[in-house]
Amino acid sequence: MPEKNFNITIIAATLLLITVGFILPGWLTFLTISILAKALVVVGVAVLMRGGIVSFGQGLYYCIGAYAVGLGGKFLGITDLLGLMFLALVAGLVSGSLLGLLMKRYREIFFAMFSLALSMILFGVLSKSQLLGSTDGFTIVKPTILGATLSTDNANHAIYIFACLLSGIVIWLGQRYLRSPMGFAGEALRDNEVRVEYLGVAPETIIYTKYLIASVTASLGGGLMALTLGHIGPEMAYWSQSGEFIFIALLGGTSHIAAPFVGTAVFEFIRTFALELAPNAWQIILGVVLIFIIIFFPSGIWSLFSSLKEKLRSGESGSPSKTPSVDLKKGDS
Amino acid sequence: MTLLLAILIDGLIYASWLFIVAAGLTLVYGVMRILNMAHGSFYAIGAYAAASAVGWYFTLGLPAWGAFAILLLAAISAGVVAGLVVERGILRILHGRDEVIMVLVTYGILLIFEDLIKLIWGIQAYYAYQPYGMLGRSKIGGLTFVNYDLILIVVAALIAGALWFGLNRTRKGKLLRAVIHDRESAELVGINVKRLFITTFAIGAGLGALAGGLAAPAIAVNPGLGIEVIVLAFAVVVTGGLGSIEGALVGAILIGLARAAAVNLLPEIELFVIYGVMTCVLIFRPHGLFALPTARRI
């Protein structure tokens, strides 16, 4: 039953978001697309976190996706929205499946540091490549949709609808993954890797799958962001961008596949207003909130929803849906 | 030949700077198991404190050599104070948490410091160039080097020596090594681990700030300094093996020379090469060059 409910909810939410899109003002359309784009990246970060793994380099795939879109338009002459996004998908899939072979051997702090190094390599290469505009990056023209050239406003709206559909599909697929044996094994991995191995599941396969999912969602998010912003640059691969994704993942929580979307929405709205009110204290707010979440709110914003839901049920069903988070794991020292 | 010499000396200068930054980071990790992102902030605080103190000193019209004393004093004391505030204020509450969680907590601290620095010192760049030129230049094999840079190599060697002596030949240092080796057993035999944590963190922060202070005369002290430096320091300590001082030294020399070679031969790959070295080392030694063996948790 819950499975069916979930399907209905996700279809309804996607349709609602698309409908709302027709009355949104331009700036809000833009903001919503960037929220969806970033949330796609964060979905990957959260999927990794559920396996107890923190990637400090998701900016790598975010940037790869964006540059796939940019280069596809610049050198291959592809202008179609779907074609460009497909390119981002392929770029993420190929690079993720190659680097995943390397990354699956690493855990904990070494995974974090290694992923950081890889993204900084891409940053270093891109900021020195004259052909791609060095540190300035380059601009991207608005895409055509199914062969039709649209005005900027209409193109933005088309990207908006595409972003909604894409997010709906990613959430649906993500939920199916998390409810599959492979998904559950990922959670067990966070608790104890050796025991998972005793159960007959190879931890490296679990991590490889998670890594692949994360690289694909991140490159899709990057591609979407590139099309929306109309400009890309190497700073997308800089480590502080990856840090932002981790921040949002913790803010939203990792207990539900849709939590990153809530987290990103809250994050972007706070940022939009904080930058207006206190441009020089924005990072102080971020830092304080981050530490506050880690100490008091290890399951993120989503835990507010789930605890509310449990209160409404008030013990009627005895399933205490424990919300997993990276923080539940105690250190071994 | 000249090129080789240039690479060697440039590399050693860069390595010295890297080592001073990384030594504090790796010491804190070894003892406390905290990979401290806020180390970048301590570096930035040291640089700002040194730059403004030196600027202030030169308005007094006192003998110029005093600037060096002021520079060291300002950087180290600012770093130690900031370190104590961070340790006592936040990290104390979180001791014993997962290592990755501590990275995220210190990332939060780094973000806070980024803006605090902007609020205190403003967003315009600071320059403390006077000490840099004061020591003159010297010629080595037909190449001119700034003496200040060459002295940096001596300072780094002194710090490496002092750390080695402190850890291996003093009572406090031996206690620290016991904690690095096994914290629980160290606690069992009666070592006051909490107190050692405070000392270690203060020393680590002081070293980070010292590196910033020493670098200040040679650079423009800008906002965002900490964010730039911390990833470089990470590359060094992860290459060398987290928690190992020898590792930090070897990692710094390796990365320093590689970067100098890149700058002199193929400037396009300058940034790439630092993380390239780290990646190569991690592929073959997943825990770094001098990593201590760890048991798997069952």
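All values below come from the heavy atoms of this structure, side chains included, with hydrogens, waters and symmetry mates left out. Just so you know, these numbers come straight off a predicted model, no measurement behind them.
With a threshold of 4.5 angstrom between heavy atoms, B:Val103 approaches chain A through side-chain atoms but not through N, CA, C or O. With a 4.5 Å cut-off on non-hydrogen atoms, B:Met102 does not touch chain A at all. Residue contact with chain B, scored on non-hydrogen atoms closer than 4.5 Å, involves the side chain of A:Leu290 exclusively. Heavy atoms closer than 4.5 Å to chain A are found in both the backbone and the side chain of B:Leu116. With a threshold of 4.5 angstrom between heavy atoms, A:Phe292 does not approach chain B through any atom at all. Both the backbone and the side chain of B:Glu228 have a heavy atom closer than 4.5 Å to some heavy atom of chain A. Contact annotation for A:Phe114: both backbone and side-chain heavy atoms come within less than 4.5 Å of a heavy atom of chain B. Looking at B:Ile274, there are no atoms closer than 4.5 Å to chain A (heavy atoms on both sides), in backbone or side chain.
Separation of atoms CG (B:Leu104) and CG (A:Leu250) is listed at 5.5 Å; rounding is to 0.5 Å. Going from atom CG of A:Leu286 over to atom CG of B:Leu111 covers 6.0 Å, rounded to the nearest 0.5 Å.
Within a 6.0 Å sphere centred on CD of B:Gln124, heavy atoms belonging to other residues, nucleotides or ligands number more than 12. Taking a 6.0 Å sphere around CD1 of B:Ile120, one finds it holds more than 12 heavy atoms contributed by other residues, nucleotides or ligands. Residue-environment remark: CZ (A:Phe75) exceeds the threshold of 12 foreign heavy atoms within 6.0 Å.
Looking only at side-chain heavy atoms (C-beta outward), B:Leu242 and A:Phe110 come within less than 4.5 Å of each other. Residues A:Gln283 and B:Lys118 meet the side-chain proximity criterion, which asks for heavy atoms closer than 4.5 Å.
Ring geometry, B:Tyr107 versus A:Phe56: the interplanar angle exceeds 60°, so the pair is classed perpendicular (tilted spans 30 to 60°).
Ranked by heavy-atom pairs shorter than 4.5 Å toward chain B, the options A:Ile121, A:Val288, A:Ile246, A:Val289 are led by A:Ile121. Contact tally against chain A (heavy-atom pairs below 4.5 Å) for B:Ile227, B:Leu110, B:Val105: the top residue is B:Ile227. Chosen from B:Leu119, B:Ile283, B:Ile109, B:Val238, the residue pairing most often with chain A at heavy-atom distances under 4.5 Å is B:Ile283.
Nearest heavy atoms, B:Thr279 versus A:Ala117: OG1-CB, 4.2 Å.
A donor-acceptor pair under 3.5 Å is absent between the side-chain atoms of B:Tyr275 and the main chain of A:Gly124, judged by distance alone.
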